[in-house]
Amino acid sequence: MPPHMSKTIDMEVLASLCKRRGFIFQSSELYGGINGFWDYGPLGCELKRNVKDAWWKTMVRAREDVVGLEASIIMHPAIWKASGHADGFADPMVDCKECRKRFRADQLCEEQGLALIKNGSAFALPADAACPACGSKNLTEPRSFNLMFKTFVGPVEDESNLAWLRPETAQAIFAQFNNILATARQKVPFGVAQMGKSFRNEINPRNYTFRSREFEQMELEYFIRPDEAVKLICGRVATLADNPDLAGEPQADWGWEVWHRYWVEQRLAWYRAIGLPAADLNQHWQTGDELAHYARACVDIEYAFPFGVQELEGIAARSDFDLSQHQKHSGKQLDVFDEALKQAVDRLDADAKDHCTQRIVAAWTGRGKSGEEARAFAVKLYEGKYVPHVIEPSAGTDRLALALLCNAYDEETITDEKGKTDQRTVMRFHPAIAPIKLGVFPLVKNKPPLYAKAREIFAKLQRRWPCFWDESGAIGRRYRRMDEAGTPWCVTVDFQTLDDGTMTLRDRDSMKQVRLGISELIEKMDAEIG
RNA sequence: GCGGGUGUAGCAUAGUGGUAAUGCUUCGGCCUUCCAAGCCGAUGAUGUGGGUUCGAUUCCCAUCACCCGCUCCA
């Protein structure tokens, strides 16, 4: 059963807070805005940076088997031909004005025995073309729905200078695979991570920042041995049926299925670690026709947004499709030499190899591939070479930031000792991603020694974390302002601080206060921010 | 892309064919020994463009943006 929001929030109320406090602004608002683009304000950019830092720390720096890449956004257009984006994005579409269904113009004409009229790069429908659904001839002209943003490299705007803004960051990793392999001192299995902007000319941006035309991705391409190589090296291939320990160290005998599941578990654990409750996360295992033709498996990690359960990240087992595509289109080899594999196959005699080849041919033809392809793969395998397979956890940074904002938003009614009730709006961010970690206040601002002491403490703490100084208004007001910014703690410097150095630490979620000294404070914050 | 709705200050609302109002916020000052206290003051708006009119924030048209539903989401 899909999860639902444990609380309901109105997206307009959240958007209003995001604007009021400086998390998210509409792009180009001064000029009336531009559809599908958003800006992050002072608090929002800190939030997003914290998300990216947490991802990079977990996925790259905390691991020995993953390295980073930062590729250009504009790349050789051939990359998008090889990946399939250039063709898949360029179909001319027509809409039926009567029943409002949309069709690919070329398919519609072909079904009706007609020819699509082409004038240069523009298309037109023959007069007899009719809507396949309702039969109406009241159709729009064919329009190209290329979802990649076009641009021109150099000052001359002609086809030879055409380039695209990347619609995903992943392809650069495949295109730079050989360079990374040669320089990173990694061996399969290993991964390459990249974060950065991508661009898709979405037909219909919707749901606040959820579907934007410019967005940021955090992608990992984790390269693994094909199962056939694992089998030769280890004598067996572990599957999920073997109950592998997915939380422990990865094992050499893991097949693609285990590796895929391993990354699903890793990613879910990370989402929980930055504060998304398990109850609001969902795994959607794609089946049959949902799967891309080259994908063996794909899991969407979904979050229960107020506007529905929607995808945060897709974790796909993409076989060797991507590297093979680039191998074909570039004419360059993108296989690896695996010493362990070579040693394993060298122990086999000719009979054993024949037997192995037969098994591979049988398995491959069973999946609809040709026997010839299978035999070519086997020959390479006996040289210790293969094109690595890949597991791709691909997350949307902005979607995650939005999920974190939705999850953090809370309103509560509080009652004071006199029985007076009051509404409190509080962003309950996990300390690791909170834009500001600590508010620092002098209890009053018109007592110079107290004020000076507070400034001194602020200066000390600000060197370690993003802190916010606030001396304006009553103390309660300052706490509430920090609540809306999602600041987990505030310290207030009072007269006792001048005597013994202790101050009050006020907790955002419980509003409880404790007295502690600066070293205890630093220790506590280090522990909780992580 | 289609249909419906909405655009007045940072936010929430009011109002008008003739000087655009209020609350909160923000900023400054006074005060203030721990949860949006009080007092004084300040900044700040009719999405954009065109039309009708002596005069348009108000009426009309277009456009842009946002929201809802459909569609789309390689």
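Chain letters run A, B, ... following the sequence lines, proteins first and then strands; every chain starts at 1.
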Please give, in whole Å, the distance from [N] [atom2] to [X] [atom1]?
{"X": "A/Asn207", "N": "B/A65", "atom1": "CG", "atom2": "P", "value": "17 Å"}
{"X": "A/Lys19", "N": "B/C24", "atom1": "NZ", "atom2": "C1'", "value": "16 Å"}
{"X": "A/Asp10", "N": "B/C66", "atom1": "CG", "atom2": "P", "value": "17 Å"}
{"X": "A/Gln26", "N": "B/U6", "atom1": "CD", "atom2": "P", "value": "19 Å"}
{"X": "A/Leu43", "N": "B/U26", "atom1": "CG", "atom2": "P", "value": "13 Å"}

Taking only nitrogen or oxygen atoms into account, show me every contact under 3.5 Å that the protein makes with nucleotides 31-34 of chain B, one pair per line with its distance.
{"from": "B/U32", "atom 1": "OP2", "to": "A/Asn446", "atom 2": "ND2", "distance (Å)": "3.4"}
{"from": "B/U32", "atom 1": "O4", "to": "A/Lys445", "atom 2": "N", "distance (Å)": "3.3"}
{"from": "B/C34", "atom 1": "O2", "to": "A/Tyr479", "atom 2": "OH", "distance (Å)": "2.5"}
{"from": "B/C34", "atom 1": "O2", "to": "A/Gln513", "atom 2": "OE1", "distance (Å)": "3.2"}
{"from": "B/C34", "atom 1": "O2", "to": "A/Gln513", "atom 2": "NE2", "distance (Å)": "3.0"}
{"from": "B/C34", "atom 1": "N3", "to": "A/Thr504", "atom 2": "OG1", "distance (Å)": "2.8"}
{"from": "B/C34", "atom 1": "N4", "to": "A/Asp494", "atom 2": "OD2", "distance (Å)": "2.8"}
{"from": "B/C34", "atom 1": "N4", "to": "A/Thr504", "atom 2": "OG1", "distance (Å)": "2.8"}

Do any side-chain atoms of residues 32-46 of chain A form donor-acceptor pairs under 3.5 angstrom with protein atoms, and if so which ones, sequence neighbours left out?
{"from": "A/Asn35", "atom 1": "OD1", "to": "A/Arg213", "atom 2": "NH1", "distance (Å)": "3.0"}
{"from": "A/Trp38", "atom 1": "NE1", "to": "A/Tyr208", "atom 2": "O", "distance (Å)": "3.2"}
{"from": "A/Tyr40", "atom 1": "OH", "to": "A/Asp398", "atom 2": "OD1", "distance (Å)": "2.7"}

Exercise for the section: Any side-chain hydrogen bond (donor to acceptor under 3.5 Å, both in side chains) involving residues 9-19 of chain A? Give me the pairs, sequence neighbours left out, ordered by first then second residue. Expected result: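 Counting only pairs at least two positions apart or across chains, the side-chain hydrogen bond (donor to acceptor under 3.5 Å, both in side chains) contacts touching residues 9-19 of chain A are A/Lys19-A/Glu29.
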
Handout entry: Whether A/Asn50 side chain and A/Ile433 backbone form a donor-acceptor pair below 3.5 Å
Key =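 Confirmed, A/Asn50 side chain pairs with A/Ile433 backbone.
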
Exercise for the section: Spell out, as yes or no, whether a donor-acceptor pair under 3.5 Å connects the side chain of A/Glu471 to the backbone of A/Lys445. Expected result: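 No.
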
Base, sugar-phosphate, or nothing for [X], non-hydrogen atoms under 4.0 angstrom?
{"X": "A/Glu484", "value": "base"}
{"X": "A/Tyr208", "value": "sugar-phosphate"}
{"X": "A/Glu12", "value": "sugar-phosphate"}

Problem - Any A/Arg206 side-chain N or O less than 4.0 Å from OP1/OP2 of B/C72 - result: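 For B/C72, OP1/OP2 do not have a side-chain N/O of A/Arg206 under 4.0 Å.
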
Exercise for the section: Examine B/C66: is either OP1 or OP2 under 4.0 Å from a nitrogen or oxygen in the side chain of A/Asn35? Give yes or no. Expected result: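 True: A/Asn35 side-chain N/O within range (under 4.0 Å) of B/C66 OP1/OP2.
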
Exercise for the section: For salt bridge (charged side-chain N to carboxylate O under 4.0 Å, His left out), just list the numbers for A/Asp410 and A/Arg508, CA-CA rounded to whole Å, side-chain angles, deciding distance to a tenth of an Å, and then say yes or no. Expected result: CA-CA 12 Å; A/Asp410 197 17; A/Arg508 175 195 66 201; over 6 Å; no

Practice task
Report the base-pairing partner of B/C59 (Watson-Crick or G-U wobble, both distances below 3.5 angstrom), or none.
Solution key: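 B/C59 is paired, partner B/G51.
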
Exercise for the section: Pick the C1' atom in B/G41 and in B/G4, then give their distance to the nearest Å. Expected result: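 Roughly 46 Å separates the two C1' atoms.
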
